[in-house]
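Being a predicted model, the structure only gives us computed values, none of them experimental.
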Amino acid sequence: MSRPLSKVAPDWWDYTTLDPAILADAAKLTEKTLFELSRPGFTVHYYETIEEFYLAEALEYIESWKQATADNPVGICGPIGPTEQLPLVARIVNSLELNLKNAHFWGMDEWVENGQPVGMDHPLSFAKADFELCFNRIDPKWRIPKENIHFPSGNLADYTKSYDDIRCAVMQGGQGDTKHWAFNDPLRREGVYKDAPPAPEEYRKLAARVTELHPITILQNARTSGGGYVANVPQLAATVGPVETWKADKVSIWQAGTHDNPFGMRLSAWMIAKKIPDSAVPMSLLADHPNVHFHYFRPAIKKVEAEMH
């Protein structure tokens, strides 16, 4: 039986093409049953205040970097979305006088225009945000060397290789409306993928690359980062892939309720917990990663129900 067309973008795969039974099961999850989805390899965490939530996210940077030595460089891969943790990271580094000379950082993604990654003069540049919100706020005595900061904006093969040369203790991320981490979006519904999206094992072979963004992702980034100005959002981005993700010791996804909705925050957790990987919901592929953590600001979980405004 063929899968339904997307309700949002018929030429694409996305979560609306799933078996309706999966969608219904996810929608039924309560705060209690969502928390109880934890299993070996997948852990759900709740935070009662937004301050505790972002502080815990920032501390993952510190805990990762504290492990780094000259003989054992260690890094963390971090997102833009959320960003609220970044100034906290800088403040903690300065307070602890933590020397980052052996620490590393990977940016998850960067926009691409005219065949090239955008520069830091682009208003939506992720590298620009990382430096303005975090790295430039760290005292020069403790700053991470620029050569230890890796963005998918140059030679992508070198970016991928860096995950072999340096241990990635944590890959952080948020979850977008397309249920992606980084820009691992669902693919177009065309060619060999006209009747079914790529098999999970096929999608997992994707390394850092330039990818076309799902229409949902373009609209979301216009809403969250561009004041709704869709024309300013590029249609392509360079992104970390599943290949690099599976080299990280831990995958840590942070959901404060600002980048996805109550249903979406349930759906990916349900599919990971029940081991239902489907590349139409890229986040669900983490069902096969050995160490995944979902962090929720508990008041944002809410309920999946009709609510008129």
Side-chain angles (χ1 to χ4, degrees), residues 41-43 57 59-81 86 89 93 98-112 116-117 126-127 130-131 134-135 143-174 180-185 187 198-211 236-254 272 277 279 282-293:
F42 177 58
T43 307
E57 185 175 8
L59 286 173
E60 282 195 330
Y61 284 71
I62 307 305
E63 291 159 2
S64 299
W65 287 339
K66 285 175 68 176
Q67 300 174 48
T69 65
D71 296 329
N72 180 33
V74 177
I76 182 171
C77 180
I80 295 298
L86 294 174
V89 171
V93 168
L98 182 62
N99 192 322
L100 301 180
K101 67 179 181 179
N102 298 311
H104 285 254
F105 172 81
W106 290 273
M108 299 194 89
D109 31 38
E110 187 57 278
W111 301 106
V112 170
Q116 297 294 326
F126 295 137
D130 274 315
F131 275 92
C134 184
F135 297 124
R143 258 179 216 171
I144 188 168
K146 283 194 175 181
E147 61 268 23
N148 291 6
I149 300 175
H150 314 275
F151 288 102
S153 54
N155 185 313
L156 293 181
D158 288 345
Y159 177 85
T160 296
K161 184 177 181 298
S162 67
Y163 284 85
D164 294 322
D165 299 335
I166 303 135
R167 180 166 67 87
C168 181
V170 181
M171 181 172 290
Q172 282 192 351
H180 65 199
W181 80 102
F183 280 132
N184 291 295
D185 276 12
L187 301 187
E201 56 271 21
E202 182 179 358
Y203 196 104
R204 275 187 51 187
K205 292 178 182 177
L206 296 173
R209 64 208 184 278
V210 174
T211 186
L236 301 175
T239 187
V240 67
V243 166
E244 296 82 19
T245 302
W246 259 257
K247 293 177 181 178
D249 295 349
K250 171 183 175 181
V251 177
S252 189
I253 305 299
W254 296 80
I272 292 172
S279 68
M283 190 72 81
S284 72
L285 303 186
L286 295 176
D288 296 324
H289 192 285
N291 189 17
V292 177
H293 294 253

Quick one: [atom1] on [X] to [atom2] on [Y], what's the gap to the nearest 0.5 Å?
X: Thr211; Y: Leu206; atom1: OG1; atom2: CG; answer: 8.0 Å
X: Thr245; Y: Leu286; atom1: OG1; atom2: CG; answer: 7.0 Å
X: Cys77; Y: His104; atom1: SG; atom2: NE2; answer: 13.5 Å
X: Ser162; Y: Asn155; atom1: OG; atom2: CG; answer: 10.5 Å
X: Leu98; Y: Tyr61; atom1: CG; atom2: OH; answer: 14.5 Å
X: His180; Y: Thr239; atom1: NE2; atom2: OG1; answer: 8.5 Å

Open item on the list: So does Asn102 get a backbone contact from the side chain of Asn148, meaning a donor-acceptor N/O pair under 3.5 Å?
Closed with: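 No, because the side chain of Asn148 does not come within donor-acceptor range (under 3.5 Å) of the backbone of Asn102.
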
TODO: Please confirm whether the backbone N or O of Trp181 pairs with a side-chain atom of Asn184, one donor and one acceptor, at under 3.5 Å?
DONE: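 Looks like yes, one N/O pair under 3.5 Å.
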
Task: Test of ring centre spacing under 6.0 Å for Tyr163 and Trp246 - done: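 No, ring centres 6.0 Å or more apart.
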
Nearest heavy-atom pair of [X] and [Y]: which atoms, and what distance?
X: Cys168; Y: Met171; value: SG-N, 4.2 Å
X: Tyr159; Y: Ala208; value: CD2-CB, 3.6 Å
X: Glu244; Y: Val240; value: CB-CG2, 3.5 Å
X: Pro152; Y: Met108; value: CG-O, 3.7 Å
X: Tyr203; Y: Ser279; value: CD1-CB, 3.7 Å
X: Ile62; Y: Val89; value: CD1-O, 4.1 Å

Among residues at least two apart in sequence or on other chains, which ones pass side chain to side chain contact (heavy atoms under 4.5 Å, CB included) with [X]?
X: Ile80; value: Thr83, Leu86, Phe126, Ala129, Asp130
X: Ser64; value: Ile76, Ala169, Val170
X: Ser153; value: Pro117, Phe151

- [ ] Sequence neighbours left out, what passes ring-ring contact (aromatic ring centres under 6.0 Å, His included) with Phe105? Give chain and number order.
- [x]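 Expected list: Phe135.
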
Open item on the list: According to ring-ring contact (aromatic ring centres under 6.0 Å, His included), who are the partners of His293, at least two apart in sequence or on a separate chain?
Closed with: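 ring-ring contact (aromatic ring centres under 6.0 Å, His included) check on His293 returns His45.
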
Task: Listed once per pair and sorted, the side chain to side chain donor-acceptor pair (under 3.5 Å) pairs that draw on residues 165-174, sequence neighbours left out - done: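 Residue pairs with at least one partner in residues 165-174: Glu60-Gln172, Gln67-Arg167, Lys161-Asp165, Arg167-Asp249.
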
